[in-house]
Amino acid sequence: MNSTYDTDVLVVGAGPSGLTLATSLVSRGVATTVVDRQAAGANTSRAAVVNARSLEVLEGLDVARRLVKEGIEAPRFSIRDGARTLIPIDFGSLPTEYPYSLMVPQSTTERLLLDRLVELGGSVVRPKVLTTIDQDAEGVTATFDDGGVIRARYVVGADGLHSTVREQAGIGFEGGAYEESFILADVRLSGDVPADEVILYWATAGLTVVAPLPGDIYRIVAPVADAPETPSAAYVQDILDTRGAGKGHITVTEVIWGSRFRIHHRVADSFRAGRLLLAGDAAHVHSPAGGQGMNLGLQDAVALSDALAAVLAGGPDTLLDEYSAARRPIARSVVSITDRMTRLATLPRILRPLRNIAFSIVGRIPAANRALAWRLSGLVYR
Ligand SMILES: Cc1cc2nc3c(=O)[nH]c(=O)nc-3n(C[C@H](O)[C@H](O)[C@H](O)COP(=O)(O)OP(=O)(O)OC[C@H]3O[C@@H](n4cnc5c(N)ncnc54)[C@H](O)[C@@H]3O)c2cc1C
């Protein structure tokens, strides 16, 4: 079998997980190749929250500082029913350099990660689509749609929900998809809306998230029975009127970007199969309730970089099993919590007022609010 390598680590996918992994590996001097099926600049806004734990793990890559410069600090997070706050969460007293949710569009996070990768001498080969993988005792042979072949010691699937690496590795992806679809809109608003707080409105009519983004933009996310392909201003206005602070409080003045999506809740059976490893959405997907998805991927990536760099430097191969064993329970726990949140958000209408009474009782218990702050900030996974 061929034992010469084109690269030590082939990273498939240049989303936030793949870019973080590649940046971290290159910063340690590991020969790394990154490929992505998309042409440059084809990414969209999507994840809007970078949490405290992600900023902590990105410090070592000199990316946290750059993100903070471009984002908005939101030290507060609340669950509300109309004008009434049910659960107030304050990140301000958390023991971290970053006592807030950093609000920044995913496209900016990816741009800053890519800038850092390039600064360190790395790059992304694109568009390049992985089609098949063969692994043997010494390495992995990856074949691409252009007929090209790359031989690597290890391949990481950071290739998202429909991961080719996961499929080629034969790793199961247990779970399912929710019935409801979600609308997502980046809008401009006028009226009574804070620029330093993420608000989840749990109205009887349904859930709505209102979250600030840089540039006086707000991200609106809401589960709906049948989402339009692109939500209009009138559609978003109706959601805010019926589910938000109430009619007349907030006016949608412009829809900048909108989309719809369906949500899966799945976790890979293992994050490792021999020389193939998984990180990010390739390994776990769940509801965006709580803004954890991208954050988990960023944190996987740094943990996997630690393990791969150590193994390539002669450390025991079991470090890669430990990566899977450590990260998979975290993913399972996030999937199960966000699954419960999503089910609570989509309870039959008649039960929603009762749910909100329960929330308001929980909201008066400081220890419960603190526990939520630790979880949402990711610090609980330190
Ligand atoms: C509409 C929407 C809203 C969301 N909102 C939030 C949010 O508010 N908060 C949050 O935390 N998360 C959110 N998410 C989830 C978040 O976007 C993902 O968790 C995050 O993008 C995962 O990053 P990743 O790098 O693991 O995968 P991805 O971002 O999916 O990147 C995978 C990359 O792999 C490439 N690729 C795929 N297959 C191949 C192949 N065969 N060959 C080469 N390249 C390939 C793709 O082109 C892509 O660039 C949202 C997702 C969606 C769709």
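Whatever order the structure lists them in is the order used to number ligands and atoms, beginning at 1.
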> Under a 4.5 Å cut-off applied to non-hydrogen side-chain atoms, are L312 and V9 in contact?
Replying inline: yes
> Any chance the rings of F91 and Y100 have centres within less than 6.0 Å?
Replying inline: no
>> Going by the rule salt bridge (Lys or Arg N to Asp or Glu O under 4.0 Å), which residues pair with R375 if we only count those two or more places apart in sequence or in a different chain?
In response: none
> Are D216 and R188 within salt-bridge range, i.e. N to O under 4.0 Å?
Replying inline: no
> Passes side chain to side chain donor-acceptor pair (under 3.5 Å), Q299 versus S54? Steps please.
Replying inline: CA-CA 6 Å; Q299 293 159 35; S54 292; 2.9 Å; yes
>> Does R275 qualify as a cation-pi partner of Y154, given the criterion of NZ or CZ under 6.0 Å from the six-membered ring centre and within 45 degrees of its axis?
In response: yes
Show me the short polar-atom pairs for ligand 1: any N or O of it lying under 3.5 Å from a protein N or O, with distances only.
residue, atom, partner, partner atom, Å
ligand 1, 11 (O), G291, O, 3.4
ligand 1, 11 (O), G293, N, 3.0
ligand 1, 11 (O), M294, N, 2.9
ligand 1, 17 (O), Q106, OE1, 2.8
ligand 1, 19 (O), D281, OD1, 2.7
ligand 1, 19 (O), D281, OD2, 3.3
ligand 1, 19 (O), M294, N, 3.4
ligand 1, 21 (O), Q106, NE2, 2.8
ligand 1, 25 (O), P16, N, 3.2
ligand 1, 25 (O), S17, N, 2.9
ligand 1, 25 (O), S17, OG, 3.3
ligand 1, 26 (O), S17, OG, 2.7
ligand 1, 26 (O), D281, N, 2.9
ligand 1, 29 (O), R46, NH2, 3.1
ligand 1, 41 (N), L130, O, 3.2
ligand 1, 41 (N), T164, OG1, 3.2
ligand 1, 42 (N), L130, N, 3.0
ligand 1, 44 (N), R37, N, 3.0
ligand 1, 47 (O), D36, OD1, 2.7
ligand 1, 49 (O), D36, OD1, 3.3
ligand 1, 49 (O), D36, OD2, 2.6

